[in-house]
Amino acid sequence: MRTGRCGELTLDDVGSHVRLCGWVARRREHGEHLAFVDLRDSTGVIQCVVEGSVELRSEYVIAVSGVVRRRPEGMENPALTTGAVEIGDCTVEVLATAEPPPFLVDDRAEVDEAVRLRHRYVDLRRPRMQRNLRLRAAVVRAIRAAMDAQGFCEVETPLLWAPTPEGAREFAVPSRLHRGDFYVLPQSPQIAKQLLMVGGFDRYYQIAKCLRDEDLRADRQFEFTQLDMEASFVTQEDVLGFVSEAVLDAAQAVTGERPPPIERMTWEEALDRFGTDKPDLRIAAELVDLGEVFAGTEVRAFGGPCVKALRVTGGGTMSRSRLDTLVERAKALGAKGLAWFRVVDADGASALESPLTRAMSEGEREGLLAKTGAVPGDLVLAVSDEHRSACTVLGQLRIEVLGRPVGEGPHRYVWVVEFPMFESIGADGHPVAAHHPFTMPHPEDLDRMATDPLSVRSQAYDLVLNGWELGSGSVRIHRADIQARVFAALGISDEEAESRFGFLMGAFRYGAPPHAGFAFGVDRLVAIFAGEESIREVIAFPKTQSGADPLTGAPKPLSASSLAELGLRIAAR
RNA sequence: GGACCUGUGGUGCAGCUAGGAGUGCACGCCGGCCUGUCAAGCCGGAGGUCGCGGGUUCAAAUCCCGUCAGGUCCGCCA
């Protein structure tokens with residue numbers, strides 16, 4: 001039907017007869033003797049010259065036959081990749097007419113996202129979406145190649161799975177044949193892949209759809225795609241290597257450059273230096289510990305067990321009302337308060353401006369300046385609280401005040417390792433699992449599981465890129481005795497373990513190899529590669545924040561007959 | 001469950017603080033002119049439930065209450 005594609009024509013093609021197909025991007029008519037038609041396909045736009053008049057409208061689908069020729073001197077268009085050439089002596093055939101599109105098919109037109117989604121098929125024609133989805137395809141291709149090269153076998157796992165309440169809400173699917181019973185859509189193939197390990201597939205991976213019925217965000221959709229992998233007879237170190245290889249290969253495939261080896265830090269270090277378990281290393285500023293400076297201080301605001309500070313370079317010009325907003329923000333984040341210090345120049349020396357300075361000793365003022373390295377024109381924010389709270393509050397302010405770069409700067413990957421086994425003590429007095437209950441505790445910490453659970457580290461790890469959690473994984477428990485101790489620590493009874501995970505525990509009785517795995521979000525990785533703020537921009541047909549699809553109208557009521565067949569009745573609201 | 005922002009011809013905005021006739025801008029659309037344009041240009045024209053409902057008022061796009069939709073975030077996401 002066509003001899004080539006619009007965006008691929010260059011001066012090398014001059015003289016060749018071509019037939020091209022695509023959409024009418026723009027047209028410029030000069031009376032009945034001359035018209036320019038910009039023809040667009042997935043590769044780009046080319047100018048077609050018609051000697052005569054045309055009966056075309058925007059977005060008509062046409063086939064153009066003509067001869068590639070060099071544009072006349074001075075008529076080149078550097079804005080087009082094909083701007084050196086044009087198609088001359090064109091004859092045009094209309095393949096399909098089109099109503100005027102709801103918005104301009106051009107990246108320069110800013111369009112409300114609801115309108116874009118309602119007419120996604122038009123939006124997808126725009127270069128941005130073409131670029132993003134093709135980038136996504138390239139990333140997935142590279143990941144598959146990397147996993148294949150490392151000896152992994154792709155295995156599909158069921159979408160219709162058994163309810164195994166694990167944390168995230170599950171989507172339920174009613175069964176017609178077993179009226180009153182339900183399948184659920186998997187939050188992840190977690191248990192399935194552990195069964196594959198028992199089944200002898202010692203290196204498994206899958207580009208898997210995962211479904212979670214939780215509220216949506218810019219980086220969260222009901223359904224999302226993960227590279228899911230698991231391997232037997234491996235250590236944590238092996239897994240980090242496998243995943244690094246896949247991610248760095250993907251980066252190389254789309255940027256042409258291989259990033260340096262991924263750096264690593266412990267969870268404790270990430271919290272202490274950046275106030276978060278997903279540090280954005282593009283932001284240079286780190287949290288500073290002022291514990292020594294304010295040891296035994298008279299200042300009540302700094303009497304907490306920990307004092308942390310953040311230097312805001314150039315923040316000294318911030319208005320009082322802006323600072324008040326920051327104080328409120330810190331309180332909303334859970335801090336008891338937020339101290340601020342403007343650093344000013346006083347006869348060539350640095351001095352502090354703050355409601356607190358009067359109560360501070362000379363040594364405290366000097367110590368604060370020395371430790372933070374702040375100079376006149378800077379701002380210093382400080383929080384005194386429990387270590388974790390002080391760090392997380394300042395960690396959040398670090399992002400909000402210093403600003404997270406979007407789509408700029410280098411890609412800063414980091415492995416965060418040695419996550420705590422338990423994240424807090426729950427209302428029932430038992431610790432709450434930070435990862436999932438199959439996570440292997442750190443061998444050195446096993447003895448403290450019953451006595452001091454919050455100090456127990458796990459063999460769980462996250463991969464973080466530019467402040468986004470790309471994914472997480474862990475070494476799994478394959479020994480029944482350790483699993484029993486973890487269930488006991490979590491307060492999960494034998495009966496409960498049996499009913500929730502019985503089939504997995506049963507499988508483990510038949511010879512479970514030591515295994516470990518990982519899963520990371522493909523949507524997030526692609527969004528960062530594409531410089532997009534939302535994963536919706538790298539998904540062909542995403543849902544809105546309320547979980548609706550403006551194009552199809554989903555979700556919708558089911559017909560009465562369908563409900564009856566499934567044995568369902570809708571309760572009154 | 002909660003906080004904040006947004007909603008005005010097909011698209012993007014202004015108008016709202018301080019109420020006075022659907023007022024304005026750009027793009028698109030329709031018609032006309034135009035033989036080298038390129039987000040073509042020039043002339044003319046059409047197109048509106050100011051998201052929806054209620055209230056205040058002589059009078060509401062504008063003020064108040066509610067509601068719906070979209071977005072950002074908190075909760076939630078083992």
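Just so we're on the same page: letters track the sequence lines, and every chain starts at 1. Atoms considered below: every heavy atom in the structure, side chains included; atoms not considered: hydrogens, waters and symmetry mates.
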Interatomic distance at [atom1], [N] relative to [M], whole Å:
N     : M     : atom1 : value
B:U8  : B:U62 : C1'   : 11 Å
B:A14 : B:G55 : C1'   : 28 Å
B:C4  : B:G9  : C1'   : 29 Å
B:G53 : B:G10 : C1'   : 26 Å
B:C64 : B:C77 : P     : 37 Å
B:A18 : B:C73 : P     : 33 Å
B:C16 : B:G28 : C1'   : 27 Å

Does [N] have OP1 or OP2 sitting under 4.0 Å from an N or O in the side chain of [X]?
X        : N     : answer
A:Arg28  : B:A40 : yes
A:Gln545 : B:U72 : yes
A:Ser534 : B:G71 : no
A:Ser546 : B:A69 : no
A:Arg57  : B:C30 : yes

Nearest-Å distance, [atom1] ([X]) to [atom2] ([N])?
X        : N     : atom1 : atom2 : value
A:Arg536 : B:G71 : CZ    : P     : 5 Å
A:Leu216 : B:A69 : CG    : C1'   : 15 Å
A:Glu214 : B:G75 : CD    : P     : 12 Å
A:Arg126 : B:A39 : CZ    : P     : 17 Å
A:Glu29  : B:C42 : CD    : C1'   : 15 Å
A:Leu80  : B:U37 : CG    : C1'   : 12 Å
A:Arg70  : B:G36 : CZ    : P     : 21 Å
A:Leu56  : B:G28 : CG    : P     : 17 Å

Using a cut-off of 4.0 Å on non-hydrogen atoms, how would the nucleic acid contact of [X] be classed: base, sugar-phosphate, or nothing?
X        : answer
A:Ala434 : sugar-phosphate
A:Ser58  : sugar-phosphate
A:Glu76  : base
A:Arg69  : base

Closest to side chain of [X], choosing from [options]:
X        : options             : value
A:Phe36  : B:G36, B:U72, B:C29 : B:G36
A:Val111 : B:A39, B:U11, B:G70 : B:U11
A:Asp215 : B:G71, B:A39, B:G1  : B:G1

With hydrogens left out and only the distance checked, is there a donor-acceptor pair under 3.5 Å joining [X]'s side chain and the base of [N]?
X        : N     : value
A:Gln47  : B:U37 : yes
A:Arg27  : B:G36 : no
A:Asp112 : B:G12 : no
A:Arg212 : B:C76 : no
A:Arg220 : B:C77 : yes
A:Glu86  : B:G36 : yes
A:Arg217 : B:G71 : no

Result of checking A:Val417, A:Thr266, A:Asp445 against A:Arg457 for side chain to side chain contact (heavy atoms under 4.5 Å, CB included)
A:Asp445
Is the aromatic ring of A:His30 within stacking range of B:G36, meaning centres under 5.5 angstrom and planes under 30 degrees?
no
Working to the nearest 0.5 angstrom, can you tell me the gap between [X] [atom1] and [Y] [atom2]?
X        : Y        : atom1 : atom2 : value
A:Asp89  : A:Cys48  : CG    : SG    : 11.5 Å
A:Leu323 : A:Leu381 : CG    : CG    : 7.5 Å
A:Gln190 : A:Leu195 : CD    : CG    : 10.0 Å
A:Arg19  : A:Thr91  : CZ    : OG1   : 8.0 Å

So A:Tyr461 and A:Trp415, would you call those rings parallel, tilted or perpendicular, with 30° and 60° as cut-offs?
perpendicular
Evaluate the ring planes of A:His119 and A:Tyr121, with Trp represented by its six-membered ring, and classify them as parallel (under 30°), tilted (30 to 60°) or perpendicular (over 60°).
perpendicular
Is there any protein nitrogen or oxygen under 3.5 Å from a nitrogen or oxygen in nucleotides 6-10 of chain B, and what are the pairs?
{"unit_1": "B:G10", "atom_1": "O2'", "unit_2": "A:Pro102", "atom_2": "O", "d": "2.8"}

Please name the nucleotide paired to [N] by Watson-Crick or G-U wobble geometry with both distances under 3.5 Å, or report none.
N     : result
B:A61 : none
B:U67 : B:G51
B:U35 : none

Under the ring-ring contact (aromatic ring centres under 6.0 Å, His included) rule, collect the residues that match up with A:His436, sequence neighbours excluded.
A:Phe438
For A:Thr552 and A:Asp549, which I'm curious about, is there any donor-acceptor pair between the side chains at under 3.5 Å?
yes
Donor-acceptor side-chain pairing of A:His515 and A:Gln194 below 3.5 angstrom:
yes
Salt bridge (charged side-chain N to carboxylate O under 4.0 Å, His left out) evaluation trace for A:Lys193 with A:Asp228:
CA-CA 8 Å; A:Lys193 70 180 174 180; A:Asp228 190 57; 2.8 Å; yes
